[in-house]
Amino acid sequence: MKMNKNLNVSVAVAIEELTNKQINEIQGIVDSALKGIDTQFKNGANAHISKGFVAEILHTAEFNLDALLKGKNFTAIMPPVAADGKQHIADILIVHKDKAAEVMAEVANGGRLDLPVGAIKHIQMKVGGESYLGSAFNNHEYDGLEFVTNNDGVSDLLNKVKSVNPEMYNRIKHTISYDGVSSEKVSKKKLFDAMQNDEDYTKLVDHLKELAKNVEQAKYWENLLTGLGITISLSVVASVVIDANKIHKSGYNSKIIKESGGKAALAGVEGGLKFALSEGIKQTASKVGSQVFSKAAPAAVAASVVYEGAKDINKVLKGEMNKRTATNNTSGRVLVATSGLLAISLVSGGTVPVIIAVGVCGSTAGSLVNSGLKMLGKWMRKSVAEHKFA
């Protein structure tokens, strides 16, 4: 159907643009962080000062990657120098994305101690030993700020702070966090080691790159499955719209309505299958390597399982197949599809983990069945004679 083809193309283009935008944003976060880390570790500055700046960079990048992963509309920023020429009292600010520029301007036009009202959180970063941190905790310039410190070598100090100043203790954290988004804990020893030798420096860099890779893959899957859902829904709607006049002319004959419902469900899963296959082919053609094929394949296979299952449902509706046979067929297809994905995983060097290969057919196909065929299933239970399912 030309309409379904156009729907597939439109949704695929929209999903591709969204995915590319997100990947560019992810890459921008990582590139900026790696550039900052490289500058701090190779500028010949005092190790203690450099560790603190690198901690700020790491926490900011990790937080922003996690925020992007979870689809949040806020971000962590490192504020500019204040109007008085001094570094702002807050090392990191958490702001809503649409207010980031406004907050940056507020800092640039204000004084060092002025906390921008447009920020959600104001954070002071400190990395060091107990003596250094203890002095910082007693500095009243930091009143009202949340402290984020290294998580190693500070337990005795934190116990003392907890006993004498509970309010201060409650402001001391080891990560920056907000609304379910968080950075990771930072060790001052690991930062120092990264400054001293290439191996530990590489580990630090690879850590960020791996985080970014995981977010990219997660967003790819999220967008692909969103595209599948949209295509299925639109294909169903298109089929119903096409049959609407026929149903109306029949005087809303129940038989015509039932036939239209079955055809709409089938159109939905067929649209989903074509979208998954076309998206998988497009991704494979645009990138090199078996890993991309392995990522795209499970969605196509899952859609195929659902599509073939829908055809069996259609046969059940017509009395050409009983329910038991249809169920057995579906179970067999899931087993074969899962085996095929495992084979792909092995051929591609294990780029698709076994748990993903096994789970995608079950979860994705199950999700599509539940959403795409839910209404049809309800109608079947109410309207199809029991003897057809014997």
Side-chain angles (χ1 to χ4, degrees), residues 21-41 50-80 87-104 106-107 115-128 133 136 142 144-152 154 170-188 190-191 194 203-220 222:
K21 178 182 177 182
Q22 291 171 335
I23 288 176
N24 289 338
E25 188 174 353
I26 292 167
Q27 197 58 53
I29 292 171
V30 175
D31 287 347
S32 177
L34 293 181
K35 182 179 179 181
I37 292 171
D38 192 61
T39 299
Q40 290 299 325
F41 279 176
S50 292
K51 289 203 302 289
F53 281 124
V54 170
E56 294 171 19
I57 294 168
L58 278 174
H59 277 292
T60 299
E62 291 167 351
F63 181 88
N64 288 338
L65 287 173
D66 196 39
L68 185 56
L69 174 67
K70 294 171 180 174
K72 301 294 186 177
N73 68 337
F74 48 78
T75 185
I77 60 174
M78 296 172 65
Q87 185 62 43
H88 193 261
I89 192 66
D91 294 319
I92 297 174
L93 299 171
I94 297 178
V95 301
H96 290 290
K97 287 184 175 180
D98 59 355
K99 291 187 176 181
E102 175 186 324
V103 170
M104 295 282 268
E106 190 176 347
V107 171
L115 298 180
V117 294
I120 300 170
K121 268 191 177 185
H122 313 87
I123 299 166
Q124 169 63 215
M125 181 76 60
K126 292 296 179 185
V127 175
L133 294 177
Y142 299 138
L145 277 73
E146 183 172 283
F147 275 99
V148 174
T149 74
N150 47 287
N151 68 314
D152 53 339
V154 296
N170 289 333
R171 286 195 281 125
I172 301 172
K173 313 293 181 183
H174 295 311
T175 65
I176 62 173
S177 61
Y178 177 72
D179 192 25
V181 175
S182 178
S183 60
E184 299 182 11
K185 294 179 179 179
V186 168
S187 161
K188 71 178 191 308
K190 288 184 178 179
L191 291 177
K203 287 180 181 178
L204 191 68
V205 169
D206 287 346
H207 162 70
L208 269 183
K209 290 181 178 179
E210 187 65 25
L211 280 181
K213 178 182 175 182
N214 291 340
V215 176
E216 283 184 5
Q217 291 183 348
K219 300 311 289 186
Y220 171 86
E222 179 184 308

Steps toward side-chain hydrogen bond (donor to acceptor under 3.5 Å, both in side chains) verdict (Q124, K126):
CA-CA 7 Å; Q124 169 63 215; K126 292 296 179 185; 3.2 Å; yes

With a 3.5 Å distance limit and no angle check, can you tell me whether D91 reaches the backbone of M125 through a side-chain donor-acceptor pair?
yes

What are the two closest heavy atoms between I77 and A100, and how far apart are they?
CD1-O, 4.4 Å

Verify, without hydrogens or angle tests, whether S32 (side chain) and G28 (backbone) share a donor-acceptor contact under 3.5 angstrom.
no

Nearest atoms (heavy-atom pairs only) where P80 meets V107
O-CG1, 3.4 Å

Note, L34 side chain near D38 side chain (heavy atom, < 4.5 Å)
no

dist K99:NZ -> T75:OG1 (nearest 0.5 Å) comes out at 15.0 Å

Whether D66 and K70 form a salt bridge (side-chain N of Lys/Arg under 4.0 Å from carboxylate O of Asp/Glu) is what I want to check.
yes

With heavy-atom distances below 4.5 Å as the criterion, would you say the side chains of V148 and I172 are in contact?
no

Between K97 and E25, does at least one N-O distance fall below 4.0 Å, as a salt bridge requires?
yes

D152 meets the side-chain hydrogen bond (donor to acceptor under 3.5 Å, both in side chains) criterion, sequence neighbours left out, with N150, S187

Heavy atoms of Q27 and E216 approach each other most closely as OE1-OE2, 3.9 Å

Please tell me if the side chains of T39 and F53 come closer than 4.5 Å, counting only heavy atoms from C-beta onward.
no

Starting from the C-alpha separation in whole Å, work towards a yes-or-no answer on side chain to side chain contact (heavy atoms under 4.5 Å, CB included) for H174 and V186.
CA-CA 7 Å; H174 295 311; V186 168; over 6 Å; no

Non-hydrogen side-chain atoms of I176 and I92 separated by less than 4.5 Å:
yes

For the atom pair NZ (K21) and CD1 (I26), what is the distance rounded to the nearest 0.5 Å?
12.5 Å

Output the distance between atom CG (L133) and atom NZ (K188), rounded to the nearest 0.5 Å.
8.5 Å

So L93 and K121, do their side chains get closer than 4.5 Å, heavy atoms only?
no

Using side chain to side chain contact (heavy atoms under 4.5 Å, CB included), reason through L211 and E184 one step at a time and then give a plain yes or no.
CA-CA 11 Å; L211 280 181; E184 299 182 11; 3.7 Å; yes

Decide side chain to side chain contact (heavy atoms under 4.5 Å, CB included) for V215 and K219; before the verdict, give the C-alpha distance in whole Å, the side-chain angles of both, and the deciding distance to 0.1 Å.
CA-CA 6 Å; V215 176; K219 300 311 289 186; 4.1 Å; yes

In short, L145 meets A90 closest at the heavy-atom pair CD2-CA, 3.9 Å

Angle between ring planes, F147 versus Y142, binned at 30° and 60°: parallel, tilted or perpendicular?
perpendicular

Could you pull out the closest heavy-atom pair between Q40 and I57, with the gap in Å?
CG-CD1, 4.3 Å

Just wondering, do V54 and L58 contact through their side chains at under 4.5 Å, heavy atoms?
yes

Report yes if some heavy atom in the side chain of H122 is under 4.5 Å from a heavy atom in the side chain of I89; otherwise report no.
no

Carboxylate-amine/guanidinium contact E146 K173, below 4.0 Å
no

As a quick check of understanding, evaluate side-chain hydrogen bond (donor to acceptor under 3.5 Å, both in side chains) for E62 and H207, giving each step before the final call.
CA-CA 10 Å; E62 291 167 351; H207 162 70; 2.9 Å; yes

Any side-chain heavy atom of V95 within less than 4.5 Å of one from I120?
no

Which heavy atom of I94 sits nearest a heavy atom of F63, and at what distance?
CD1-CZ, 3.8 Å

